[in-house]
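Worksheet: the structure to be examined is printed underneath.
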Amino acid sequence: MGIRLYPPTAVPVEEEVYSEVELPPSREAALPYVIMNMVSSVDGRSAVSGKASSLGSDADRRVMRTLRSKVDAVMVGAGTVRAERLSLGLDEEASSVESAQPLAVILSSSGDVPLDNLVIHEGQQVLIVRPKGASGGSAAGAVRTLTAPVDPEGNVDLRETLGLLAREHRVGSLLVEGGPILGHAFLSGGLADELFLTIAPKVVGGASEESSLIFDGPPLEDVGVKLVSVYLVGDELFLRYAVK
């Protein structure tokens, strides 16, 4: 038997979406607790004209900052930074002693990251993760680098990298915001604990090479999710899942 969620019959909540979220310790003591926050069109696309920011509403952007305030670090792939001007922190007025700016982590296979596209908030540290042997500019100021071990295919070993973040940078909780290839890698590697998914009321269409699905890679046959909560704001759905 199902439950009808719309039209809404529940009492509206006054607090922001996910303000009640409290993340538990990681299932593996040596690794951070990992949550993923993705936005998708109704037809499963991850971006409009190459930009995920074109999908979400103001409510989605508030959700993004709420989730950032719950974690020690926020991670994206370098391709996401190249695609659009990006912030990985809280709004300046939202940052406080109780809710400090999270560490911004950028994963790059080449070590070359267009930092001009990154909005670095006051007091925020940036960590560029690159594989052994990668070149790239030297770090300066608020930007540091982490040389990560590689897997047999020569890519950054995500599990080992998470261990380094936990041990060397005190990251107990991590928010992964994309892009689609990085999100797929976390799911396929069994490294994600939760998925927060925004369904934007938009249909993108077009050829697959014009806008990828929110998880870009081979079929994820062994990954399952369990619904934890549903919020409705306007015509936008906010879904929280535990990853099995």
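Values below: all heavy atoms of this structure, side chains included; hydrogens, waters and symmetry mates excluded. Everything quoted here is computed from the prediction, not taken from an experiment.
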Would Thr66 and Glu16 count as a side chain to side chain donor-acceptor pair (under 3.5 Å) if you check the C-alpha gap in whole Å, the side-chain angles of each, and the deciding distance to 0.1 Å? CA-CA 8 Å; Thr66 295; Glu16 291 286 354; 5.5 Å; no
Do Phe196 and Tyr18 pass the ring pair (Phe, Tyr, Trp, His ring centres under 6.0 Å) test, and can you show the C-alpha distance, the side-chain angles, and the key distance before you say yes or no? CA-CA 10 Å; Phe196 292 80; Tyr18 300 141; 4.8 Å; yes
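When the shell of 6.0 Å around CD of Glu221 is examined, it contains 12 or fewer heavy atoms from other residues, nucleotides or ligands. At most 12 heavy atoms of other shown residues, nucleotides or ligands fall within 6.0 angstrom of atom CD1 in Ile181.
Just one residue in the list Leu127, Leu164, Leu103 forms a side-chain contact (heavy atoms from CB on, under 4.5 Å) with Val171, and that residue is Leu103.
Residues passing the salt bridge (Lys or Arg N to Asp or Glu O under 4.0 Å) test with Asp193 are Arg27, sequence neighbours excluded.
Checked by atom type and distance alone, the side chain of Thr161 pairs as donor or acceptor with a backbone atom of Asp157 at under 3.5 Å. Under a 3.5 Å cut-off, the side chain of Thr198 and the backbone N or O of Ala200 do not form any donor-acceptor pair. When atom types are taken as modelled, the side chain of Lys226 and the backbone of Lys244 share no donor-acceptor pair closer than 3.5 angstrom. Ser41 contributes a side-chain N or O that, together with a main-chain N or O of Arg45, makes up a donor-acceptor pair within less than 3.5 Å. Judged by distance alone, with hydrogens and angles left aside, the side-chain atoms of Asp235 form no donor-acceptor pair with the main-chain N or O of Pro201 at under 3.5 Å. A donor-acceptor contact shorter than 3.5 Å links the side chain of His184 to the backbone of Pro218. Without hydrogens or angle criteria, Ser173 side chain to Tyr33 main chain gives no donor-acceptor distance under 3.5 Å.
Counting heavy atoms from C-beta outward, Leu174 and Val71 have side chains that stay 4.5 Å or more apart.
Counting only residues at least two apart or on different chains, the salt bridge (Lys or Arg N to Asp or Glu O under 4.0 Å) pairs with a member in residues 158-183 are Glu28-Arg159, Arg68-Glu177.
Atoms CG and CG, on Leu175 and Asn37 in that order, are 6.0 Å from each other to the nearest 0.5 Å.
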